[in-house]
Structure formats: C-alpha cells, structure tokens
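What follows is a short report on a single structure.
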Amino acid sequence: MLVAPSILSADFGILAKEVIDICEAGADFVHVDVMDGHFVPNMTIGPLVVEAVSAVATKPLDIHLMVEDNSFFIDLFAPLKPHFISFHYESEKHHHRIIQKIREYGIRPAVVINPATPVACLEEIVKYVDMVLLMSVNPGFGGQKFIPIYEKIEELKVLLQKHNSSCFIEVDGGVSNQNIQRLKDAGVDIAVAGSYIFSHKDYKAAIASLKV
Ligand code: DX5
Ligand code: ZN
C-alpha cells in the first residue's frame, strides 16, 4: 500500500516542518486538498501556500481539487508540477476536456467520485485517466467517519479490467489501521490519511501501520 498523508490535518502554523516530517517518515505522496467554498462547504489553500509546500516536499504532490471551476484551478496548480491532479466527476460538465487539459500540462489526470456516486459513471472515462479516487467520506473536512465502500472498489476493479486499464485506485476519508487491510484486499493501491496520521506523535509508526 502506498500512503499519501493529507496535510489538511497538519498544524498549519508549522506547515513546512510538518511536510518535511511526513516525507521523512515514509510518505509516498503529499496529498493536498484544495477547496473553494462552493463545491464543498470549506476553504483551504491556494497556489502560494501549495508552492511553499512543494518547495520543501521531498515526495511528489497529489493534488485533490474539490472545486467548481476545475479549469481555473488546474491553471493555478499545474506550474507546480504535481504527480497527480484529481478533479471531481460531480463538479465537471466536460470530463474529457478537463482530462486532456491536465495531460497537456504533463501531469497525470485522476477522477474522483463521492461515496454516493456510482462507479458506473466512470465507464466512458476510465481509459483516459491514470488514477481513480474513491471518496470514503463526503468531501470537505478531515476526521469524518469512514463510509464502507468495499463493494465499489471491487466494482471498479472489474471496470478497469474490462477496459484493460492499469490505473491506480486511491481511497480518501476515514482511513486508519482499522480498515487498511480490508481496503488493500479489495484492491486499493494508494491510501490517503489525514487525521489518523497527524493525530499520532510518531508519524513514522502511523505511516508504517498503513503500509500493509
Ligand atoms: C476530505 C479530504 C481528505 C481528508 C482526509 O475532503 O479530501 O483528504 O483530509 O482526512 P481524514 O483521513 O481525517 O478523513
Ligand atoms: Zn483529499
């Protein structure tokens, strides 16, 4: 299992130190949650802060957009050369156009679906993306209760096989040592975890406990 700590739960007063620490503690990606106060009822960070994160991160950035205007935010963040940019299926009218736009920047595109959005909606998209992110909470906040989405992971695996796709499966929301093994068994490649990791004093031990 690859682990992407979500810095939403970091101490923003010492954000640079937090990013350095999780990278040294074994993170595989730095998961950055971007919220616009419209698609989700919360706001987080913009390009100035993400640039500061990028400057100290020794692991690639995984940018999760929770915004209404994906195109606008892609133009803001693409110059930072993140590994992935994920956009929400629910917030976009022109899915192929937005995927192409991310790819033209030389960045791997990923699509995200909310817990109540069925996997079947990805049928026409899955072969164009490098990752599918399945939300296991409703996006907007860290520290929410995990919604069991194990069957959706299995459905997604079947869909990926049907399209001969080797794209990554990522899960985000309420991930902890209590559900990580079952997520792994269902076929998850990358686990995002915010409150679970940052509530531990020992980030190395917390990240290691997710590397099943
Ligand atoms: C929620 C964010 C998540 C969040 C995860 O909208 O996308 O990345 O930070 O936090 P936990 O792991 O605490 O649920
Ligand atoms: Zn996220």
Side-chain angles (χ1 to χ4, degrees), residues 1-12 15 18-19 22 25-46 49-50 53 57 59-68 70 73-74 77 82-92 102 108-117 129 131-149 152-153 168-184 188-201 203 205-212:
M1 183 71 82
L2 298 171
V3 178
S6 161
I7 57 167
L8 191 60
S9 294
D11 179 347
F12 273 63
L15 187 56
E18 294 274 69
V19 172
I22 50 154
D28 296 290
F29 297 97
V30 177
H31 185 83
V32 177
D33 290 301
V34 175
M35 305 182 187
D36 66 351
H38 294 280
F39 179 65
V40 289
N42 194 7
M43 292 176 81
T44 54
I45 52 178
V49 176
V50 182
V53 168
K59 298 295 164 62
L61 300 191
D62 171 28
I63 296 189
H64 175 191
L65 298 179
M66 284 157 274
V67 301
E68 277 182 2
N70 291 297
F73 281 89
I74 289 164
F77 291 107
H83 193 85
F84 295 110
I85 293 184
S86 309
F87 70 96
H88 269 262
Y89 175 85
E90 301 86 355
S91 76
E92 186 51 55
I102 297 170
R108 293 160 191 80
V111 64
V112 194
I113 58 171
N114 282 336
T117 303
V129 294
M131 182 167 79
V132 174
L133 167 50
L134 299 177
M135 291 306 297
S136 40
V137 297
N138 286 284
F141 303 94
Q144 300 181 82
K145 190 169 180 282
F146 178 79
I147 298 170
I149 51 149
K152 285 179 76 177
I153 300 164
F168 286 97
I169 301 178
E170 184 175 54
V171 166
D172 182 4
V175 171
S176 73
N177 62 345
Q178 299 300 302
N179 48 32
I180 195 72
Q181 187 60 53
R182 202 156 162 208
L183 290 170
K184 170 82 182 175
V188 175
D189 304 295
I190 306 175
V192 177
S195 52
Y196 174 72
I197 292 172
F198 285 98
S199 67
H200 276 71
K201 276 203 181 71
Y203 295 164
I207 291 172
S209 72
L210 299 178
K211 293 214 168 189
V212 291

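Counting starts at 1 for both ligands and their atoms, following the listed order. Only heavy atoms go into these numbers, but all of them, side chains included; no hydrogens, no water, no symmetry mates. All values derive from a computational prediction rather than experimental measurement.
The shortest N or O to N or O distance between V137 and ligand 1 is not below 3.5 Å. Geometrically, ligand 1 and M66 share no nitrogen or oxygen pair separated by less than 3.5 Å. For N138, no nitrogen or oxygen atom sits less than 3.5 Å from a nitrogen or oxygen atom of ligand 1, counting backbone and side chain alike.
Counting the atoms of ligand 1 from 1 in the order shown, those under 4.0 Å from a heavy atom of H64 are 7 (O). Taking every heavy atom of M35 and a limit of under 4.0 angstrom, the matching atoms of ligand 1 come to 6 (O). Heavy-atom contacts of H31 reach the following atoms of ligand 1: 8 (O) (cutoff under 4.0 Å). Interface of G174 with ligand 1, defined as ligand atoms under 4.0 Å from a residue heavy atom, comprises 11 (P), 12 (O), 14 (O). Those atoms of ligand 1 that come under 4.0 Å of a heavy atom in P139, given as number and element, are 6 (O). Residue contact check: G173 has heavy atoms under 4.0 Å from atoms 14 (O) of ligand 1.
In F141, the part holding a heavy atom less than 4.0 Å from any atom of ligand 1 is the backbone. The part of A193 lying near ligand 1 is the backbone, judged by heavy-atom distances below 4.0 Å.
Of all protein atoms, those that are N, O or S and lie under 2.8 Å from the Zn ion (ligand 2) total 4.
S195 OG, 2.5 Å is the protein heavy atom nearest to atom 13 (O) of ligand 1. Shortest contact from atom 9 (O) of ligand 1 to any protein heavy atom: S6 OG, 2.7 Å.
Ring planes of H83 and F29: tilted class, angle from 30 to 60°.
Note that the CD1 atom of I113 and the NE2 atom of H88 stand 10.0 Å from one another [nearest 0.5 Å].
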